[in-house]
Amino acid sequence: MWESMGKVQDTINRIARRHRHNATQAIALIIPTQKKPGKNSFPTSYNAVAKWLTTQTSASYHDQLNGLTRALQHSNRLSNSATERLKITTLFDTQVTAVIPSLKKQCIDAELPYTNEVNQSFDCSTTLLREMAYGYKIAIVDVLLRRSGLHRLDRVHAIYFAMRCLGELGLRYAQSYQPWPAKCWRDINTLYWLAEKEGASNDEILAANRKDGLFPPTIGQLYTALAMFHSSKSSHLPPADMEQLMAALSRLAARVPLQKHRPPSTDTLYSTALNSANAPSSHRFCNYTAEDQVRYLELAPAARALSELQPSPSDKNTLSRLQVQKILHIWGNQRQRHAPRAISNGAATVHTGFKECHALLQQQRDKHNVFLKSNGWQLINRSDDGLCLRCKTDQPHNLHVGDLISCQLHENAAAGPSTGIVRWINVSHSRDVQIGIETLTNRGRPVICEKHLAGGKAREPRHEALIFKPAAAREGTTAIILSTDQYRLGDSVRIYDSYHSETFSSFKLAEAIDYDATFICFRIQRVAVETPEELVSLV
């Protein structure tokens, strides 16, 4: 039974003991049960499968997809030689590669909770990737059980592509804010251990990048890239950024070799136990595991390379400066929460997106009660600087990490809504959606902002904005959140009470405040006041 680190079974030692005693199972890889093919079974020869696949090209996309999924499932549950299975799985690989991108596009940036249509696309794409991994793993297990044989090069290829399919499966789950599949890391750890036993962890796989540059070309670098990706807390990133992150980490993986001996302790030291079902983490495994099963990753070289990275707008696999800062913060901040959240209950109403928050705060300011109707959110816990909410309805919400969000707790309706940032999103395997909110302020005021041009030039267009006093700010600090990136540090701006108002106050954007979010924020400094203190004391 696979449990927490303190109770986890020593899988690799059990594998070795079983192998020495000629037991029926020689390795702990998750595979389906196979049976002998019957008269009406799916074909088990390479030529017959290749002929069948040619008949699928004329089918509709939906029929082709369903046929491919069923064929893979049948093939992986029929007995076959390792050589023939590996050839058939490689044949399917080309077909699966062609359909995965279109399935993936339906899930990226989809509203949460997923609709039935999006859930079907996600389940189909993950099923295809899981079945591809099964095909390679079954061939490996057959060799280890001595039921069949493969040349060393074929064994190494099977290990690499099984691990790659599992890595892509984890990436798809991360893009939907779901945790990696259960026991996925047990397989990845075991596959890497097998590669070490083959002496092939640093062998370059020539066909590794035939499809894209998403993963590195060696098993050791692939393991390191997956470990770094997992440690980057994908629930804190927008789904569209995750492939860029994986590609960038794959290019840096050569700088972070797995080490058998513990290096000097740093804030970016991670460890992994190859005989466990646990992902690499910042916790020490050697307290529970034999030292020869522990591998260490020092992420400092990758962190330095990321910090020196020059973003390239023309390269879709280049991380932005904001993305880099977020990853570096996550890698170097493994401490526990300073302000524990207290368990709490109660209904809440949330509205996400800058325009929605601005409009609702404007109505609330105009004495319209806009938060009476619940939209299906439940408070789980809270602290002085944040909240955790669970979605209690199937109604989709346009949620993204880094979005501005307004939250009204029904138990404290008189206090009005609080404004914050969506810091993370988690979707459980049962599709239960939870979000973490960092509170910016419990008081915010919607205003209209325009850039002030000296010299009598034409008036700039006006934009919606929010001004507030940050929750953790020093006394006297006022900040402004802007709905556009057309403003720069040092700009002079005019702030109006509404679109139609002609009275304003003049401010300067004195300091950029990086909230690592989808909006831009500045500390504002009063320049001159043409009207009474009306706008200066907005919050």
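The main-chain N or O of Thr83 is never found under 3.5 Å from a side-chain atom of Asp154 such that the two would form a donor-acceptor pair. A distance-only check finds no donor-acceptor pair linking the side chain of Thr224 to the backbone of Pro257 [under 3.5 Å]. Using modelled atom types, no side-chain atom of Ser125 and backbone atom of Ile100 make a donor-acceptor pair closer than 3.5 Å. Counting only distance, with no hydrogens or angles, the side chain of Arg147 and the backbone of Val141 share no donor-acceptor pair below 3.5 Å.
By the 4.5 Å heavy-atom criterion applied to side chains, Met163 and Tyr136 are not counted as neighbours. Side-chain contact check for Ile159 versus Ile140: some heavy-atom pair is nearer than 4.5 Å. Under the 4.5 Å side-chain criterion, counting only non-hydrogen atoms from C-beta, Leu72 is in contact with Met132. In this structure, Pro238 and His400 have side chains that are not in contact, with every pair of non-hydrogen atoms separated by 4.5 Å or more. With a 4.5 Å cut-off on side-chain heavy atoms, Thr90 and Phe161 do not count as touching. Side-chain contact between His397 and Val433 is absent, with no heavy-atom pair separated by less than 4.5 Å. Between Ser75 and Tyr134, the closest side-chain pair of non-hydrogen atoms is not below 4.5 Å. By the 4.5 Å heavy-atom criterion applied to side chains, Leu297 and Ser231 are not counted as neighbours.
Under the side chain to side chain contact (heavy atoms under 4.5 Å, CB included) criterion, Thr518 pairs with Asp403, sequence neighbours left out. Pro301 is linked by a side chain to side chain contact (heavy atoms under 4.5 Å, CB included) to Arg255, Glu298, Arg304, counting only residues two or more places apart in sequence or in another chain.
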Next on the checklist: Run the side chain to side chain contact (heavy atoms under 4.5 Å, CB included) test on Asn80 and Asp142 for me, step by step, so that the C-alpha distance in whole Å, both residues' side-chain angles and the decisive distance to 0.1 Å come before the verdict.
Outcome noted: CA-CA 9 Å; Asn80 207 344; Asp142 284 347; over 6 Å; no

Checklist entry - Thr97 and Asp93: side-chain hydrogen bond (donor to acceptor under 3.5 Å, both in side chains), yes or no, with the steps? => result CA-CA 6 Å; Thr97 302; Asp93 198 333; 3.2 Å; yes

Checklist entry - Stepwise, does the side chain to side chain contact (heavy atoms under 4.5 Å, CB included) test hold for Thr272 with Asn278? => result CA-CA 7 Å; Thr272 181; Asn278 296 271; over 6 Å; no

Checklist entry - Does the salt bridge (charged side-chain N to carboxylate O under 4.0 Å, His left out) test come out yes or no for Arg431 and Asp123, once each step is laid out? => result CA-CA 12 Å; Arg431 309 291 161 83; Asp123 291 340; 2.8 Å; yes

Item to check | Test side-chain hydrogen bond (donor to acceptor under 3.5 Å, both in side chains) applied to Tyr61 and Ser102, step by step | outcome: CA-CA 10 Å; Tyr61 173 77; Ser102 58; 2.6 Å; yes

Checklist entry - Between Leu53 and Leu68, does a side chain to side chain contact (heavy atoms under 4.5 Å, CB included) hold up when you go through it step by step? => result CA-CA 8 Å; Leu53 285 173; Leu68 190 64; 4.2 Å; yes

Item to check | Steps toward side chain to side chain contact (heavy atoms under 4.5 Å, CB included) verdict (Asp63, Gln56) | outcome: CA-CA 8 Å; Asp63 291 340; Gln56 300 299 301; over 6 Å; no

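With values rounded to the nearest 0.5 angstrom, Leu249 atom CG is found 11.5 Å from Gln244 atom CD. Atom CG of Leu144 is separated from atom OG1 of Thr190 by 10.5 Å, given to the nearest 0.5 angstrom. Expressed to the nearest 0.5 Å, how far CD of Gln120 lies from SG of Cys124 amounts to 9.5 Å.
Side-chain contact, Arg70 with Gln73: no donor N or O sits under 3.5 Å from an acceptor N or O.
Ala225 approaches Met246 most closely through the heavy-atom pair O-SD, 4.4 Å. When all heavy atoms are compared, the tightest approach of Val427 to Ser176 is CG2-O, 3.6 Å. The two residues Leu112 and Tyr114 come nearest to each other via the heavy atoms CD2-CE2, 3.5 Å. Leu258 approaches Tyr223 most closely through the heavy-atom pair CD1-CD2, 3.4 Å. The two atoms that bring Arg155 and Leu150 nearest to each other are NH1-O, 2.8 Å, heavy atoms only. Shown here for Gln34 and Asn76, the closest heavy-atom pair between the two residues is NE2-O, 3.2 Å.
With Glu131 as the fixed residue, the side chain to side chain contact (heavy atoms under 4.5 Å, CB included) test singles out one of Leu129, Leu128, Thr127: Thr127. Tested against Ile188 for a side chain to side chain contact (heavy atoms under 4.5 Å, CB included), the candidates Leu226, Leu274, Leu222 yield a single pass: Leu226.
The aromatic rings of Phe229 and Trp180 lie tilted to each other, with the angle between the two planes from 30° to 60°. Ring geometry for Tyr173 versus His429: interplanar angle over 60°, hence perpendicular rather than tilted (30 to 60°).
The existence of a salt bridge linking Asp203 and Arg152 is confirmed by a sub-4.0 Å separation between a basic side-chain nitrogen and an acidic carboxylate oxygen. A salt bridge links Arg172 to Glu168: at least one charged side-chain nitrogen sits closer than 4.0 Å to a carboxylate oxygen.
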Please tabulate, for the side chains in residues 38-51, all donor-acceptor contacts under 3.5 angstrom to protein atoms that are two or more places apart in sequence or on a different chain.
from  : atom 1 : to    : atom 2 : distance (Å)
Ser41 : OG     : Gly38 : N      : 2.6
Ser45 : OG     : Ala48 : N      : 3.3

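Centroid-to-centroid, the aromatic rings of Phe354 and Phe519 stay 6.0 Å apart or farther.
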